[in-house]
Amino acid sequence: MKQKQADFFDQVYAVVQCIPAGRVSTYGAIARALGAARSSRLVGTALIMAHDPRLSIPVHRVVNRNGLLTGKQHYGSPSEMQERLEAEGIVVLEDQVQRFDQVFWDPGEHL
DNA sequence: TACCTGACTATTT
DNA sequence: AAAATAGCCAGGT
């Protein structure tokens, strides 16, 4: 184990876990909240590694800036992400979060 | 070690 | 207005 200073991923996990149920956030918003506005892709990569159930990270609450469930293919089932979102009261139609403005949660505001 | 790929976003055509 | 291209950063091979 290398002693590394606060992995970018760990920071992403912390923010994602702060997303309240029934709300969603975006890769860019999270990246910006961490001070890495241009690392939006890394946020997505981090979520892939966040699949570990021991971390209990609600990765399904993270979508792209259009409210599109771009990462649904990375779940066990392509529909799992939508199912989980709908279970929290989020309306999803055709892989797209409805009323996105209302459910969007900006980590920067919560800081 | 180097190259390729990718759960993005913003810019330009 | 929609579609294509470029920039970005780090992981995986």
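So you know, we letter chains A, B, ... as the sequences are listed, proteins then strands, and number each from 1. Since the structure is predicted, the reported quantities are computational estimates derived from the model, not experimental observations.
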Write down the atom of A/His60, the atom of A/Glu88, and the distance for their closest heavy-atom approach.
->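 Heavy atoms of A/His60 and A/Glu88 come nearest at NE2-OE2, 3.2 Å.
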
A/Thr26, nearest nucleotide to its side chain (from B/dT9, C/dG11, C/dC9) |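 Looking only at side-chain atoms, A/Thr26 lies closest to B/dT9.
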
Look at the side chain of A/Asn64 and decide which nucleotide, out of C/dG12, C/dC8, B/dT9, has an atom nearest to it.
-> B/dT9

May I have the distance from [X] (atom [atom1]) to [N] (atom [atom2]), rounded to whole angstrom?
| X | N | atom1 | atom2 | value |
| --- | --- | --- | --- | --- |
| A/Gln73 | B/dG6 | CD | P | 13 Å |
| A/Leu42 | C/dC8 | CG | C1' | 8 Å |
| A/Ile30 | C/dC9 | CD1 | P | 18 Å |
| A/Asn66 | C/dA3 | CG | P | 13 Å |
| A/Phe9 | C/dC9 | CZ | P | 14 Å |
| A/Asp95 | B/dA7 | CG | P | 15 Å |
| A/Arg38 | B/dT11 | CZ | C1' | 13 Å |
| A/Asp52 | C/dG11 | CG | C1' | 17 Å |

With a non-hydrogen cut-off below 4.0 angstrom, is [X] in contact with a base, only sugar-phosphate, or nothing?
| X | answer |
| --- | --- |
| A/Val63 | nothing |
| A/His60 | nothing |
| A/Arg65 | sugar-phosphate |

A/Glu80 backbone acceptor or donor facing A/Gln82 side chain under 3.5 Å = no

Donor-acceptor under 3.5 Å (A/His51 side chain, A/His74 main chain) = yes

Polar pair under 3.5 Å, donor/acceptor by atom type, side chain A/Arg41, base C/dG7 = yes

For residues A/Tyr13 and A/Met49, determine if any side-chain heavy atom of one lies less than 4.5 Å from a side-chain heavy atom of the other.
-> yes

Contact list for DNA chain C against residues 103-111 of chain A - heavy-atom distance below 4.0 Å |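 Listed by number, there are none.
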
Identify the residue among A/Ile57, A/Thr26, A/Val24, A/Ile19 that makes a side chain to side chain contact (heavy atoms under 4.5 Å, CB included) with A/Val62.
->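 Filter result, single survivor: A/Ile19.
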
